[in-house]
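What follows is a set of notes on a single structure, which appears directly below.
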Amino acid sequence: MIADVSKSNKIVVEKSTVPVKTAEAIEKILTHNSKGIDFQILSNPEFLAEGTAIQDLFNPDRVLIGGRETPAGQKAIAALRDVYAHWVPVDRIICSNLWSAELSKLAANAFLAQRISSVNAMSALCEATGADVSQVAHAVGKDTRIGPKFLNASVGFGGSCFQKDILNLVYICECNGLPEVANYWKQVIKINDYQKTRFVNRIVSSMFNTVSGKKIAILGFAFKKDTGDTRETPAIDVCKGLLGDKALLSIYDPQVNEEQIQRDLAMKKFDWDHPVHLQPMSPTSIKQVNVVWDAYAATKDAHGVCILTEWDEFKTLDYQRIYDNMRKPAFIFDGRNVVDEAKLRAIGFIVYSIGKPLDQWLKDMPAVA
């Protein structure tokens with residue numbers, strides 16, 4: 001389409017995260033349709049994070065521009081660099097070759113996801129030994145070579161990028177005859193899946209080995225706070241695990257609507273990644289799922305509460321009121337370590353926080369794999 005309408009030389013900038021060598025494919029298509037016009041392809045991956053996108057755009061850690069190492073390619077890089085230089089310090093604008101730019105984005109997301117899986121792997125060991133993953137992460141993060149970010153243990157990572165980009169990396173490694181490297185990165189996803197399974201197993205085993213017919217309140221459905229995005233959210237796998245054992249779910253998320261939640265729970269994995277017209281029409285809503293607009297409505301008469309997104313409002317809920325309106329014994333399974341477990345135990349809750357020393361009740365009922 002670009003070739004059809006171009007009347008003068010063009011710089012084509014690839015922004016989205018794409019398989020390495022996509023720029024080469026774009027270049028070939030344009031060159032074969034060039035009609036004497038010169039096309040330069042640049043890779044300029046975006047590093048915006050949901051919830052802080054505008055801030056990330058105005059004050060980026062770095063801007064990455066990849067292009068051909070030819071005079072025309074370097075000229076194109078300089079043209080895009082000059083656009084960014086209006087508000088980004090020049091020392092934060094990194095220029096590289098095409099492949100380096102494309103691969104850097106995949107590598108950055110893989111490293112971030114790997115940190116989450118690393119701390120989540122430690123959380124399982126902490127529970128087994130009586131260590132506290134928050135204390136371990138704090139001690140580890142004080143090492144300036146490691147740093148404190150992305151070291152919060154949780155029920156798992158989600159979002160549209162991490163898993164997709166790692167699988168992309170795995171595919172590139174396999175295509176290039178590097179199975180050992182591919183398997184290394186696959187393990188990051190395996191630990192993430194293990195963490196979600198472990199969380200569901202912990203819930204079921206704590207509640208007398210069955211949640212069948214029991215009301216479980218799900219607080220939070222988005223993959224992280226301050227966004228309504230549910231793509232690859234760990235809440236989907238946790239809810240499906242509980243529904244598999246015939247639990248009755250009451251779900252509250254401040255930004256995700258009922259249609260989206262029903263769609264996510266009815267859809268097969270990865271269907272969400274297809275264009276809307278290729279997705280299943282309107283998936284049948286799941287009768288065991290009730291979506292409400294208030295945390296207190298979700299938890300009323302519930303046997304257990306699962307916190308799956310770290311929304312700030314969940315830290316300040318009136319847990320005494322929640323406890324009074326729940327069935328007893330009242331359980332809280334904190335998948336984001338947002339609550340003060342000592343305060344909740346004083347109220348009367350049986351609390352499970354990921355990677356924290358286990359409640360006596362939970363020790364007596366080990367989570368079976």
Side-chain angles (χ1 to χ4, degrees), residues 1-50 52-112 159-176 229 231 270 272-279:
M1 287 165 71
I2 292 170
D4 279 347
V5 299
S6 293
K7 301 222 171 17
S8 59
N9 293 349
K10 292 281 177 280
I11 298 171
V12 179
V13 183
E14 160 198 285
K15 281 296 288 176
S16 35
T17 313
V18 288
V20 171
K21 300 213 168 180
T22 297
E24 194 174 70
I26 296 172
E27 192 174 62
K28 280 180 181 161
I29 293 165
L30 290 172
T31 308
H32 282 97
N33 294 283
S34 68
K35 306 175 206 141
I37 290 169
D38 177 52
F39 291 101
Q40 284 299 321
I41 318 300
L42 299 180
S43 171
N44 173 219
E46 55 97 349
F47 292 93
L48 311 182
E50 284 188 42
T52 57
I54 301 301
Q55 199 179 318
D56 297 342
L57 184 64
F58 283 141
N59 189 24
D61 288 341
R62 78 299 206 190
V63 170
L64 187 55
I65 304 171
R68 286 275 181 214
E69 290 164 312
T70 60
Q74 294 301 304
K75 195 174 161 198
I77 289 174
L80 183 57
R81 186 183 62 212
D82 291 346
V83 172
Y84 277 110
H86 285 294
W87 78 94
V88 180
V90 177
D91 59 353
R92 286 198 208 168
I93 302 174
I94 303 166
C95 301
S96 70
N97 70 31
L98 271 174
W99 316 144
S100 299
E102 290 187 329
L103 194 54
S104 294
K105 173 66 179 174
L106 297 183
N109 277 347
F111 276 50
L112 290 170
S160 63
C161 293
F162 284 0
Q163 180 155 313
K164 166 177 67 70
D165 287 356
I166 291 173
L167 291 173
N168 198 334
L169 203 54
V170 166
Y171 175 75
I172 295 164
C173 292
E174 286 171 346
C175 288
N176 284 288
D229 195 344
R231 289 176 295 179
F270 298 123
W272 62 266
D273 214 7
H274 297 162
V276 172
H277 66 280
L278 293 178
Q279 290 180 9

Short question: side chain of Thr52, backbone of Gln55 - any donor-acceptor pair under 3.5 Å? no
Do any pairs count as a ring pair (Phe, Tyr, Trp, His ring centres under 6.0 Å) and have a residue in residues 52-104, sequence neighbours left out, and if so which ones? Tyr84-Trp87
Contacts of Tyr171 meeting ring-ring contact (aromatic ring centres under 6.0 Å, His included) (sequence neighbours excluded), chain-then-number -> none
Working to the nearest 0.5 Å, report the span between CZ of Phe111 and CD1 of Ile166. 11.0 Å
Any side-chain heavy atom of Phe47 sitting closer than 4.5 Å to one from Pro60? no
If you round to the nearest 0.5 Å, how far is OG of Ser160 from CG of Asn109? 9.0 Å
I need the Ser96 OG to Glu69 CD distance, nearest 0.5 Å. 8.5 Å
To the nearest 0.5 Å, how far apart are CD1 in Ile65 and CZ in Arg81? 7.5 Å
Pair Asn59-Arg92, side-chain donor/acceptor within less than 3.5 Å: yes
Closest non-hydrogen atoms of Glu14 and Ala23, given as atom of the first, atom of the second and distance, are OE1-N, 3.2 Å
Below 4.5 Å, heavy atoms only, C-beta onward: do Ile2 and Ile26 meet side chain to side chain? no
In short, Lys35 meets Ala3 closest at the heavy-atom pair NZ-O, 3.5 Å
Between Arg231 and Glu50, does at least one N-O distance fall below 4.0 Å, as a salt bridge requires? yes
Stepwise, does the side-chain contact (heavy atoms from CB on, under 4.5 Å) test hold for Ile77 with Gln74? CA-CA 5 Å; Ile77 289 174; Gln74 294 301 304; 3.9 Å; yes
Other residues, nucleotides, ligands: >12 heavy atoms within 6.0 Å of Lys7 NZ: no
Minimum heavy-atom distance Thr31-Ser34, with the two atoms named: O-OG, 3.2 Å
Could you walk me through whether Glu102 and Thr22 pass the side-chain contact (heavy atoms from CB on, under 4.5 Å) test, one step at a time? CA-CA 8 Å; Glu102 290 187 329; Thr22 297; 4.0 Å; yes
Do you know the tightest heavy-atom contact between Ile37 and Ser8? CG2-O, 3.2 Å
N/O donor-acceptor pair under 3.5 Å between Glu27 side chain and Ile41 backbone: no
Could you go step by step and tell me if Asn44 and Leu80 meet the side-chain contact (heavy atoms from CB on, under 4.5 Å) rule? CA-CA 9 Å; Asn44 173 219; Leu80 183 57; 4.0 Å; yes
Grab the two heavy atoms, one from Pro45 and one from Ala101, that are nearest each other, plus how far apart they are. CG-O, 3.6 Å
side-chain contact (heavy atoms from CB on, under 4.5 Å) between Asp61 and Asp56, worked out: CA-CA 8 Å; Asp61 288 341; Asp56 297 342; over 6 Å; no
Interatomic distance, Glu24 atom CD to Lys28 atom NZ [nearest 0.5 angstrom]: 4.5 Å
Looking only at heavy atoms, what is the nearest atom pair of Gln40 and Ala72, with distance? NE2-CB, 3.3 Å
Nearest 0.5 Å, what's the NZ-CG distance between Lys105 and Leu169? 13.0 Å
Side-chain donor/acceptor of Asn9 to backbone N/O of Asp38, under 3.5 Å: yes
